[in-house]
2 protein chains.
Amino acid sequence: MATPKNIQDFDPTLFLEEIKKRVDVSREQLDAFIKLWEFKKFKKNEFILRAGEVPKFSIFVLKGCLRQYIVSESGEESIVYFAEERHFIGDLAAMRTNTVSNYHFQAIEECELLTISAENWAKAFAEFPWWTDAHLTGYQKWALLLQQQMAERHTLTGEERYLNLLKAKPKLFQRVPQHYIASYLGISPETLSRIRKKIFNT
Amino acid sequence: MATPKNIQDFDPTLFLEEIKKRVDVSREQLDAFIKLWEFKKFKKNEFILRAGEVPKFSIFVLKGCLRQYIVSESGEESIVYFAEERHFIGDLAAMRTNTVSNYHFQAIEECELLTISAENWAKAFAEFPWWTDAHLTGYQKWALLLQQQMAERHTLTGEERYLNLLKAKPKLFQRVPQHYIASYLGISPETLSRIRKKIFNT
DNA sequence: AGAATTTCTTGACTTTAGTCAACGTTTTAA
DNA sequence: TTAAAACGTTGACTAAAGTCAAGAAATTCT
């Protein structure tokens, strides 16, 4: 279970750093802003949000790692995103429109998260233009990146995509099971095993 | 060549309809808003924006159809998006940060577009909160959709993806060359030809 | 520590899709 | 209106990746 509410004794440094990376904003603004977030802990393998439910909050990862995945009609799981420390994750569109999400969000390790409710998200949006701005910029970049990844899914082999990911997120490979990486890359665990064998035995 | 500037005799109906679909906003607001956009025509196959250049504007399609594609290191083209009538398209992230885009935007047919410059985009963003809101919502949904498409790229066969697209955008198949569809689906033109043969000859 | 579970590896075989080349058809442009 | 270019189809072959099954290795739980 998630720890109850308002355990406010978390260290906000990481969070503030990430905000400041994106926008230039005063300490007072940040203090007011951070009050809209709530600290929550989750155990390994615990579900943070589930497909078929209306998301109650959106997430910033202080510690740990979680996966976002979708289950196809045929029952196959497909991981679409890993959120490590310093990453935002969630289904804002579903949360804001009060509709069910298609995605599961699960802790891969014990996690410490900051969460923001739909109400507080709306407040932040109304009161802090710099936040809206940073958000929009983030999404604009992210959408382009996703398109690029799709193109790479089309033009590169599994091996090439594996090497790219290894270069881009080396730490990820130390902390998540290999078959999760396979799911994210869109290849079978067996194929990933063979790719690794080929790469490292030559 | 694109026609010069400020040919303002376009019919804004389509554009206004799309805005109203997203937000509830007064006629006065819309009138002021639409002044920030410029009408442009492009001939078939003409490049609207090119990879390696800083995008000068972002786009709404009044008439025609265009493709957004990326060229891989190995020189392979990969179409990531088709924009038909009523669609927004562009590389806002690159435009706003004054950096070069990785994407080409090319007219597939003769096109009539509304374009907005970086300056006017910033104005719209500052002056029309409803626009920012609609924009953000749009991106939030779009990012989720792209993730879903990536998952489908992983779990479905080429044939299944073809049938899905045929159902989702039937008109697209009447107007764009088949090998563009293949590029978008991430399969070779030959494979698409065989998929079609199999589907329609049984 | 030891049993149970999960994860990873390997082999044999199948499926899906890509490549190359040839040729017919359609579209475009001089 | 005809030549050229672009597009689509087909065949033969190849490559990439999936599936199924068995077993080894690692991790988790009690």
Side-chain angles (χ1 to χ4, degrees), chain A residues 42-46 65 67 69 72 74-79 82 106-110 150-166 172-202, chain B residues 1 42-47 65 67 69 72 74-79 82 106-110 150-166 172-202:
Chain A
F42 288 86
K43 296 214 195 80
K44 182 169 178 176
N45 292 330
E46 195 176 353
C65 182
R67 67 184 181 124
Y69 68 97
S72 73
S74 61
E76 247 182 303
E77 283 185 11
S78 192
I79 296 177
F82 292 108
Q106 185 184 23
I108 295 177
E109 310 167 353
E110 174 164 306
M150 181 68 89
E152 287 176 359
R153 176 65 180 81
H154 291 165
T155 55
L156 304 182
T157 63
E159 183 173 339
E160 291 169 315
R161 301 200 308 281
Y162 172 78
L163 289 170
N164 282 172
L165 185 62
L166 193 59
L172 193 64
F173 293 75
Q174 310 306 121
R175 65 198 305 186
V176 316
Q178 197 169 295
H179 69 278
Y180 282 178
I181 301 282
S183 170
Y184 180 76
L185 290 173
I187 58 184
S188 68
E190 294 94 332
T191 297
L192 180 51
S193 178
R194 290 183 181 110
I195 287 171
R196 285 167 47 81
K197 187 182 178 187
K198 188 189 158 206
I199 292 173
F200 298 119
N201 289 5
T202 43
Chain B
M1 280 291 99
F42 288 85
K43 296 214 194 77
K44 181 169 177 174
N45 292 330
E46 194 175 354
F47 280 92
C65 181
R67 68 183 180 125
Y69 68 96
S72 73
S74 62
E76 247 182 303
E77 282 186 12
S78 191
I79 296 178
F82 291 110
Q106 185 184 23
I108 295 177
E109 310 168 352
E110 175 164 305
M150 181 69 87
E152 286 176 359
R153 177 65 181 78
H154 291 165
T155 55
L156 304 181
T157 64
E159 182 174 340
E160 290 169 315
R161 301 201 307 280
Y162 172 77
L163 289 170
N164 282 172
L165 185 62
L166 193 58
L172 194 64
F173 293 75
Q174 310 306 122
R175 65 199 302 189
V176 315
Q178 197 169 296
H179 68 280
Y180 282 178
I181 301 281
S183 170
Y184 180 76
L185 290 172
I187 58 185
S188 69
E190 294 94 332
T191 296
L192 181 52
S193 178
R194 291 186 180 107
I195 286 171
R196 286 169 46 82
K197 187 183 179 187
K198 188 189 158 205
I199 292 173
F200 299 119
N201 289 5
T202 45

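A note on names: the letters A, B, ... follow the listed sequences, proteins ahead of strands, and every chain is numbered from 1.
Between A:E77 and A:R67, at least one side-chain N (NZ, or NE/NH1/NH2) sits under 4.0 Å from a carboxylate O, which counts as a salt bridge.
Residue A:E159 contributes atom CD, which lies 18 Å from atom P of C:dG18 at whole-angstrom precision. In this structure, the CD atom of A:E77 is 14 Å from the C1' atom of C:dT6, given to the nearest Å. Look at CD1 on B:I199: it is 12 Å from P on D:dT9, rounded to the nearest Å. The interatomic distance linking B:I181 (CD1) with D:dT9 (P) rounds to 13 Å, in whole Å. Look at NZ on B:K197: it is 6 Å from C1' on D:dT10, rounded to the nearest Å. Atom pair A:F200:CZ and C:dT10:C1' shows a separation of 18 Å (rounding to whole Å applied). Residue A:L156 contributes atom CG, which lies 10 Å from atom P of D:dA17 at whole-angstrom precision. Counting to the nearest Å, the C1' atom of C:dT16 and the CD atom of B:E160 are 12 Å from each other.
A sub-4.0 Å separation between OP1 or OP2 of C:dA17 and a side-chain N or O of B:K198 is absent. Contact annotation: B:Q178 side-chain N/O to D:dA6 OP1/OP2 distance is not under 4.0 Å.
Within residues 183-196 of chain A, the residues having any heavy atom under 4.0 Å from DNA chain C are, by residue number, A:E190, A:S193, A:R194.
A cation-pi arrangement is not found for B:R196 relative to B:F200, the charged atom failing to lie both closer than 6.0 Å to the ring centre and inside a 45° cone about the ring normal.
In this structure, the separation between CZ on A:R175 and SG on A:C65 is 4.5 Å, given to the nearest 0.5 Å. Here the CG atom belonging to A:L192 is positioned 10.5 Å from the CD atom belonging to A:E159, to the nearest 0.5 angstrom. Going from atom CZ of B:F42 over to atom CD of B:E110 covers 11.5 Å, rounded to the nearest 0.5 Å.
Residues A:H179 and A:H154 both approach DNA chain C. Their nearest nucleotides, taken by heavy-atom distance, put A:H179 toward the 5′ side.
Side-chain atoms of A:R153 and B:H154, non-hydrogen and from C-beta on, do get closer than 4.5 Å to each other.
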Pairs under 3.5 Å (N/O, protein and nucleotides 24-30 of chain D):
from	atom 1	to	atom 2	distance (Å)
D:dT28	OP1	A:K44	NZ	2.7

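Residue A:Y162 forms a side chain to side chain contact (heavy atoms under 4.5 Å, CB included) with just one option from A:T157, A:L185, A:L156, and that option is A:L185.
When atom types are taken as modelled, the side chain of B:E46 and the backbone of B:A107 share no donor-acceptor pair closer than 3.5 angstrom. Counting only distance, with no hydrogens or angles, the side chain of B:S72 and the backbone of A:T155 share no donor-acceptor pair below 3.5 Å.
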